[in-house]
Each structure stands twice: as C-alpha cells, then as structure tokens.
Amino acid sequence: MTAQDPQAAPAEKPVRHGPPIVIAEEVLNERGEETAAQLARTLGPLALESAGREDNPWARVDAKELHAVAKECRDGEMGMDMLNLMLAVDWIDRIQMIYVLYSTTNNRKVILKADLPADAPAIDSLSDLWEAATWYEREAHDLFGVDFPGNRDMSPLLLYEGFEGHPGLKSYPLNDYEEW
Amino acid sequence: MTNEPQFDHVDMMLNMGPQHPATHGVFRMVLTVDGERVVDVTPHIGYLHRGTERLAEVETYGQVITLFDRVDYISNLNNELAFVRAGEKIMEVEAPERAQYIRVILAELNRVASHLLFIGTYAIDLGGMTPVMYCFRERERIENLFEHVTGARMMHNYMRIGGVKSDVPDDFVPWVRRLIGEVRMGVEESDKLLSTNEVFLARTQGVGVIDGPTAVSCGLSGPSLRGSGVAYDVRKDDPYEIYPYLNYKIPLGENGDCWDRYYLRVLECYESLNMIEQCLDQFPAGPIMAAGRRIARPPAGEVFAHSENPRGDLGVYLVSDGSDKPYRVKIRPPSFCNLVGLATMTRGAYIADAVAILGSLDIVLGEVDR
Amino acid sequence: MNVTLSDAIKLTMQLFALLNVAAFGAISLVWLERRFLGRLQGRPGPNRVGPLGLLQPIADAIKLMSKEDVAPGTSQRLLFYAAPILVFVPSFVVWLTFPLARDVVVRNLDMGLFFFVAISVLSIVGLVLAGWSSNSKYAILGGFRAAAQLVSYEIPIITMILVIGMLSDSLDFVKVVDAQATVPFIAVVPLAFVIFLIAGLAEVGRTPFDIYFAESEVVGGPFVEYSGAHWAIFFLAEYVNTFVVGILGALLFLGGWRWPFGADLPQIASVALLMGKAYFIVLIIFWIRATYPRMRIDQLMAMAWKWLIPLSFVLFLVAAFQLKFEWPWWVLTILSLGVLVVPVVVQSRKQRNPALALAVRYSANAVIVHAKPRPAAVIVDDVVATSAVEGTSA
Amino acid sequence: MISGLKGMMVTLRWLGKKNITANYPEEHLPVQERFMGFPGLLWDETAEEPFCTGCMVCVRECPTQCMTAIMHDNPKAVEGKSHRRKIIETFEINLNRCILCGICVDVCNFDAIAMSHEHELASFARTGARADLGLLLEQGRKYQAETSWAPKGPDRNVASVVLAKRAAAEAAKAAAAAEEKTSAETAVENTEGSES
C-alpha cells in the first residue's frame, strides 16, 4: 500500500532535487488492526484505499459518499461521537479533506480522507452530525476555499469580510502580499 | 378592551469586545440582549490570526518549535511537547527516558501554572480582586524554575525532536520538591478563598450548563468536557511519554456548570503536583537526546499526535513530503473547539453570566486564532 | 430674619471648613484603600509619590484635572455635564448635619437623620442621568442597574435609621450619640448594624454590590464616557459617600464620641475618637472588597427584597413594641442575634454543604489511572550528540 | 456566610506577612545562570579577535531572519597569529525581530555567539534596536566575564590551541620527513654498498 507519492504527481509540481525521498512504511499495531477491521466492516466496498499508522487506521472514500460514511461511523458499531479534527491539505493538483473521528465510549480513533478537485473543492457539510464541524468548515472555507453546502452560515471566521484569496493554499504568495 | 402597547420589541445588540476586560484577549462577542437576558451570542474571532500553520510550511522542523511556543502562550511547554511528539512519530525517533521525564515534569508544572492563571483571572471576571495576586505569586515561582532550566520564563524553545535542548541543572530535583510544597500551599489558599465563597457559588453554580453528549458533539475537551462528566483525558486514553508509569486521578464533574469546570482545574493542580513528585522519585539518569544521526529529514508520510494541554486535547496533524520542512501542519486547538459550545451555553443567561461562562471555558486567543 | 455680615462670613468659613473635612476624608480614603488592599494582597500599593505614597491621591487629582475632557459627540452636552454635579452635590450637602463633636457642626438640625435620608436619595438621579445622557449602551445598562440597586437598598437604610431614631427617641444626631453614652446601639441591636452595613455597601456600590460600574461586565457603567475632571468628580463623590457610610455607622451604632468614656472628652479627642471609629468601618468595607466577588443583578435584587427589607420591617415592629411596652433593651439584642443566625444556617444548608459535598465527591470518585510497571531503566550508554552528559541523578 | 468569613481570614492573614514585590528600578531580581537575553558575540583573547568567522549558518537558521553579517579575509591568518582565514567584518542583529529562541547558539559550530544576560536595551534612538558588531562584542565580553562560559569545541575554535596543534602536527611531519630522509640515505648507502 503506498502513501501519496509526491513524485508520481503530474509535472507542474516544483521539480525536487536533493536526496531521494524516503516513504514511511505504515504499520499498524495490534490495537490499530482491530480498529481497522471495524472500519473495514463499517465502510465495506466504499473504502477506495485504506491503511494506518500505529493505532490510527485511515481510509479514503469518495467525496460524495463521505456524509453517509460519517453518519454510519457515528451511529453504527464504532460510535464515533466526536469529530476530533478536520483539515484540508493542498496537494496542488487536488485538495484532500481529512477527518479525524474519535469515540469517547470505546476510545478509538479513525481517519477518513476524501479528495476534491483543486479548482472547485466542495463537499457535503457534516455540521448536522457534529456541532464542531460548523467552525472547522468555516475555517477551511476561509483558508482553502472549500465549499460546504449545508453549513448554516459560512461567514468568514478567521479572516475579515472582503478578504480576497485563500491564504492556506500553496499558491498564495507568502511574503509579497501587501495589506495596503 | 385593553389595548396592547403597540411598540414593537427590539433586542439591543451589545458588542462585548474585541477590547473588553472580560474577553481574555482579542475576542468579540456580539450579544443580542433583551434587558439583561442574553438572547443570542455570535462570537467573532480572527483578530490574532498569524497564519502559524502556513508559516510552519516554510520553516525547518527546528524552527517550527518556536512557532508552537506562541500558539497557546500560557502553556508553552505543552505546545512544544505536542509538536515534538508528532515530529518524533514521523521521524521514527524515540526520546531517551530521562528526556521524557524532564518533559513530563516541565509540562505538568506548566499545567499548574496555566490553571493558576485561570483561577486568578476567573476570580477577576467575577469581581474578586485578591485571588489573582496569590495565584500570580505561585506562577512566578514556577516561571523562575523554568528560567533556571530552560533559560526563558515563557517562550522556552527547550524541547527538540528526539529529546531536550540541554540537561537539567544539578539542583533541579531539590528545587522542584521545594517548589511543589510552596505551590500546593498557594493553590490551597486560593481554593479556600474562592471555591466555596457564597457569592462565587451563587455566580457559578447552575450557570452555563452543558450536558455530556452536546459537549462531545461540540468538540469540547479537557476540563470543560470533563465538567459534564465525560471521562476523556488524552493522558489516560492515549497515553504518551511516561504517563503510563504514573498513578494519578482524573477528576470528573457532574452538572457541567461553571463551578464544575472551575473546581476540576483546582483538583487537576493537586493531581499534577502529585504526578511531578512521582516523576522525581523515578527520575533516571542517562542521555537527554536521541543518539545518532543529525535529525533533519523525515520520511514522507502523515502522522496525528495529540497530548493533554491544560485547555483540552491539543492535536498536531503533520504531513511531511520528505523535505526538511513540514508539508502541512494542522493544529487541533482545544480553545477553538471549546468556543463552539459557548453559544449553546450562553443563550438565556444574564450578561454577567456570559462573562462567567466565557471565563470558565478558559480560552486563549493565540490558540483560537493560530 | 436679618442676616448680619458677620453671620454670613462665619457661615461661609464653616462651610469652607466642612468642605475641607469631607474632601480630605475622601482623599485619605483613596490612599488608604490602595495601601490597605495592597497590604491584603501581599503587594506594597502606591509608594513612589511622596513618602509611603501619601501624595499619590494628589498626583491622581492633578492628572485627572489635566486630562482632556472628552464628551461623546451624540451625547446631550448639557445633561452630560449636569450629571456629575447632581451626584457630587448631595454627597457634600449631607455633611451639614454631621456633628464631629458636641458642638462641632454647621447646623445641628433636630431632624438631622431625616435631612440625611432626604438628601442622599438625590444621587440616584445623577447616576441615571449620567448613564442615559452619554448615549452609549454600556452607560445605559449601568444607569438602569444603578437605579434599580440604589432604590431598592434605600428602604432598608431608612428603616434602620428609623429604628435608631426610635431607640434614642429623637432624630437629632447629638441626642442619638448621647443616648449611646453607656451602651452603643451595635450592642443593643446588632442586626440593625449588619443591615445598615450591607445596605450602605449597596448604596455606595462597593464590591459585593458594585454591579453598576462592574469592570468586567458593564465596564464602568454610567462613568464609562467620562474622562478627566468630570470622572474625577464621580470618583471623589464615590469616596465621599464611603466616608459618609463610615461616619454614619460610627455616629449611629458605635456611639460617636461618647461611648467608651461616657463623659465628654475635650473637643479634639472626641473628633479623633469619632474619626477612628469611622475609619474602622471603612477598613471593614475595604476588607470585604478584597475578599468577595460581585453578585449578579437578580441575586442582588432578591437579597434586598427577600431578606433585607422583611428583616428590617420585623426589627422596626419589635423596636416599636419594645418602646411601647417598655421591655428591657436586651430583648432586641436576643432577637437580632437569633435572626442573624437564621440566614447563616439556611445558606450553609442550602448552598455551602452541597458545594463542600460536591468538592469531596469530585476528588473521591475521580477516575483512577494505575501505573504500569516501568521497564528496567536501560541506560543507553552511547555518547550523546549535543552536550556532555554526566549521569547525576538525585 | 461561614466560608465567606473563612475567606476573610485568609486575606486578613496577609496583613502580617511582608509583601513580596521587588521595587524594580531600585532592586533588580537576580538573573538565572541560563537566562537567555539578547545574543552577544564572544571574544577570543588568545588571538584578539571574535570567534565568529561569518559562516552565515545562524543567519540562515534564524526563524525571524533578524541577523545580517559580512565577512572578509582575516589579516591575522596571513601573519599566522590566528587560524581563522575569514573573520567577521560587520554583524547586525535587529533586536526588535529577535525572539531570544537560542537557535543561533545551537547551530553555531565556532562557539561564536551566546545568549547574554542583557534584557534592558531600551533606547531613545529609532535605530536603537539595531545592535552592531561593537555592541554585540561588548555584550559577549560582559557575558564571558559574568558567567563561567567555556567554548564547546576548544580544540577546533580557540586560536592558540589550534595553532599549537598545527605547529605540533608540522613538527611531527617535519620529524617524520627528516627521519624518512635519513632512512632513505641509509638505504642508498646499503644499495651502493651492495652494488660496489
């Protein structure tokens, strides 16, 4: 199973020269294996790709089924009642949404990933499953421009009204941005 | 036929912040107020957004530690610990035993200092002027020790991926033992002055109640969540460093109101001091930095490591692409998530309660805005 | 009534002396509060300006006078500047009838107590006016809070003054003090002193009841838009009122210049004795300020209407019966002590014991985490990269 | 009322105790040995020149990029008084940007910089915070005097030790060469002996 291999990405990625990149091989400890098994049972065929590291198994699902999968994880056997963390990673050719779910009852962590097209990233909002998602999504919308249909109010959270551009993206100029 | 008064009812929109004595820094709460009752709360954050996560993408692993000192500027060592653990996970490096003990001792001392600051400022939010003086006296003692060990009072930059920067000075253990005695007396003094004071009880008990399931769904963590009775503590559920080798207790609240969240932090101060004593008893000798190659270039991969910050579950999701700079660093800020629950707690309370509830969540704006 | 020139001059000299006594008292209070609170909190308090910081209040006054006097644009300028005067004047006019010694008084009215009550109510108008005229939301909130609080704590104070009037069967300050030659009224009716102190705290807006200029909620209340000299007037009026509560407590309850010595002391000694008692009460007020947090507005109102006012009416009735049927005076003392115990017991059973039990329960049934056995401390022997390590353990 | 009175006793007890404030301008609190104040450049007495050779590692590693340095050839190296071929010419730290993190001290291989105990550098000049080489050396010298500072790698960095080591190495090489020459001559004699 391979983690994302940046070199395989299309050409417009900045060409890297330097020592060859070592890919971390992902191995699950035995507790991770149980959680991964549970996750596989919950996801079934929907998991396009799954692996894990120590006790955090992860699975990649298609963006459209993510809402259903998340609902199943929360209500189903795994009982993931807390959305611990939600982040967006900008892989230049695509934006990957990563959800870390945690269950306070049986103390297990699971990571769900979904890939979105880089030009118009949009994914269903999970704010109806977990209240915490509302602020995470507003932040992701501010910094990465990801759209979340279904979130009650998408007003800017970390940035001010009328701020053009999404500073989280790699394409955003880092030090030649002029405020005035 | 009595005629109803025809004036329509308009709620006043009161702007609390961003420059307001009770908002613990730059945080703005727009309260729609009906007389003294709060109808709705819309928090506005982002005044202290420094783009830490984006900045971390252009700095090497060693430099990012200075960034993490400034995320939650009241518990600096706990932040450093969170990032350093993520760095060690991704570089598959294990810090030697002595370094882990030094880290846990300093992190727990930092937790006590952070809770002391909470007790002091929470009393001022409710009008009591004296606890802050007593708490800052104790906090000053702890910061002197930090200065003695790490060289700086708050922005330490002391932990490294794979260990700590330098070994503790020789008089470290007797100094910490004496410190524990003094700080325990200081915490007892503030506890006796405040915890069962009638006016304090009247202002905090039954105020800002949030039950377990809604708290978990809002993503609360730390003492704010444990106040509602949910036993989620990263030191217990996902033990790291040397916490599995310590005996300690995690206090739980029952009603999930402001007093529970406050009193849990007082109890956690005592627990942390006990933990430090155990660490001092088991303090091993040995190296303080993982031996071997100059640690600069981790393998490509993704890692999620979280630790128990005084405010809650501080997580770091680190994505590395094999270069000496992290590709993406995402911080799971506990204060940011605790604020999600603020609106549900404050609806229907008084203005004075809105201040009490915000204070009881113990948010730090540097962490909320990153 | 022809007022001769010498009378006029004498009166103005007396008024000038009165103004100085009140102003000096207030300024000494400013210094005393900051030093005393500093002492209670383990810090020195102001010690830079003058020896022991004695010139600090004067320095504050000069700073405030020289500060720019800003008024918000949308405020009604006339009312905005009238409010401080309305608050400041009553707190000084009240001093007309306060006797510092047997004949050291401007005009010893035989209705002195009634005069005090009538004048001290006026400051409420000033506070509400200040709140409303500065046209800011926080000021309006502060003004309404001030109105609600002062009005509802006016009733207990007036009832207590009536009880004192009944006990010494006159409303004249000097006669009240003479009535306490042998036994001060605090011993006769301690409940009255407690109610007077609590209501006095609320009248002046000191800490358990300082909700109308609570820093953390309403940020200064009605005074939020004032700056410079006008704010100084409010600040001074507040300290003069605290001093008034101190002096009133000394006169009515601690036996003024008569109590421990019975016979009349020389004038200077009696003034000193009265001032000592007044400062003692003021120190208690500052001490309470250092310890107690602030109450919420509904709790404050509940305390006034559910506890203070009924208790003061009961006390008033019993004092009337005692006067009518000539019961011995210690009947009132027993009643007061009995009644004082009731709220203490009720509060501790309803609020304190459950809180203590809760505290014990939280630390008792906390989740216990047991330590796993530590693997043998394997000391890695290879040399460390960064700094020389000598294995010195404790 | 009971716990309120208990609280009053707590505050009252403080009347007896002495206050714990240090009146700052008159009495300065003692600074710990490891206190990290503003950086200072260290002075190598043995060669009368700073340790710093202007290698720019700290300039690169500084998180806030608050240092600028220019180096030039070291005249003393030509005369043989110092082993450093390059020496620092101008070194400037913008103290407003410096966050006292100590990374420059960790990465420096020449023991040239240390976090001095200076923390009161308020100045009236607008450019008062730009510490030039003179001020930095002066801070470094004060730090060396105050604390028991010792170079981490004396054999690589302290001029006298390095020169002595080099001299010893040359002497050893010269001795080896001389001895080799003599053995070569004896070998030549043997061959001449055997040939003739």
Side-chain angles (χ1 to χ4, degrees), chain B residues 12 14 20-22 36 96-97 123-130 133-134 137 165-167 170 173 193 195-203 205 231 235-236 244-254 259 263-264 267 280 282-289 291-292 294 350-353 355, chain C residues 37 40-43 137-138 140-141 144-145 207-208 210-211 214-219 289-299 347 351-352 354-356 358-359 361-363 365-374 377-387 389-394:
Chain B
M12 181 164 84
L14 187 67
H20 187 275
E36 283 275 343
E97 191 117 37
I124 277 208
D125 281 356
L126 303 179
M129 306 229 316
T130 319
M133 299 297 174
Y134 299 156
R137 190 189 65 234
K165 169 175 158 185
S166 55
D167 202 347
D170 303 339
V173 178
L193 183 63
S195 294
T196 52
N197 186 307
E198 302 82 17
V199 177
F200 184 76
L201 289 175
R203 280 296 299 279
Q205 283 202 318
R235 293 174 294 183
K236 168 173 71 66
Y245 311 135
L246 298 177
N247 296 315
Y248 52 94
K249 289 190 292 194
I250 313 277
L252 287 184
E254 279 153 13
W259 192 80
Y263 197 69
L264 288 195
L267 290 180
L280 289 181
Q282 311 166 1
F283 200 44
I288 49 149
M289 191 65 180
R294 183 98 178 61
Y350 284 83
I351 295 178
D353 291 344
V355 170
Chain C
L37 275 187
L40 289 183
Q41 294 170 351
R43 56 185 173 82
K137 290 178 180 163
Y138 284 106
I140 290 174
L141 264 178
F144 291 158
R145 283 183 172 193
T207 276
D210 65 349
I211 58 164
E215 291 79 24
S216 57
E217 293 139 29
V218 193
V219 195
R289 178 174 185 205
T291 317
Y292 273 82
R294 190 179 298 126
M295 294 180 92
R296 207 175 45 198
I297 180 159
D298 61 323
Q299 294 156 354
Q347 188 271 338
Q351 193 187 36
R352 182 164 179 275
L356 288 176
L358 212 58
R361 203 159 59 235
Y362 284 172
S363 50
N365 53 24
V367 175
I368 297 185
V369 180
H370 293 293
K372 284 201 280 295
R374 198 156 68 86
V378 170
I379 295 184
V380 180
D381 49 16
D382 56 354
V383 177
V384 162
T386 47
S387 78
V389 165
E390 65 294 347
T392 57
S393 72

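What you see below is based on every heavy atom in this structure, not just the backbone, and it leaves out hydrogens, waters and symmetry mates. Order of the sequence lines fixes the chain letters, A, B, ..., with proteins taken first and strands second; residue numbering starts at 1 for each chain.
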Value rounded to 0.5 Å, distance of [atom1] in [X] from [atom2] in [Y]:
X: B:Gln205; Y: C:Gln351; atom1: CD; atom2: CD; result: 6.5 Å
X: C:Asp298; Y: B:Tyr350; atom1: CG; atom2: OH; result: 3.5 Å
X: B:Thr130; Y: C:Leu37; atom1: OG1; atom2: CG; result: 7.0 Å
X: C:Leu356; Y: B:Thr196; atom1: CG; atom2: OG1; result: 5.5 Å
X: C:Thr207; Y: B:Met129; atom1: OG1; atom2: CE; result: 6.5 Å
X: C:Met295; Y: B:Leu126; atom1: CE; atom2: CG; result: 12.5 Å

Side chains of [X] and [Y] in contact at under 4.5 Å (non-hydrogen atoms):
X: C:Arg294; Y: B:Val199; answer: no
X: B:Tyr248; Y: C:Ile368; answer: no
X: B:Leu246; Y: C:Val369; answer: no
X: C:Leu141; Y: B:Glu36; answer: yes

Strictly distance-based, threshold 3.5 Å: is any side-chain N or O of [X] a donor or acceptor partner for the main-chain N or O of [Y]?
X: C:Gln299; Y: B:Ala202; value: yes
X: C:Tyr362; Y: B:Glu254; value: yes
X: B:Asn247; Y: C:His370; value: no
X: B:Lys249; Y: C:Ser363; value: yes

What heavy-atom pair brings [X] and [Y] nearest, and what distance separates the two atoms?
X: B:Arg203; Y: C:Arg296; value: CD-N, 3.6 Å
X: C:Ala355; Y: B:Trp259; value: O-CH2, 3.9 Å
X: C:Ala366; Y: B:Pro251; value: CB-CA, 3.4 Å

Contacting moiety of C:Leu40, where chain B heavy atoms sit under 4.5 Å
backbone
Using non-hydrogen atoms and a 4.5 Å limit, figure out which bit of C:Gln347 sits close to chain B: side chain, backbone, both or neither.
side chain
Atom group of B:Phe200 that falls short of 4.5 Å from chain C, counting heavy atoms:
both
Does the pair B:Leu252 and C:Asn365 meet the rule for a side-chain contact (heavy atoms from CB on, under 4.5 Å), with working shown?
CA-CA 8 Å; B:Leu252 287 184; C:Asn365 53 24; 5.9 Å; no
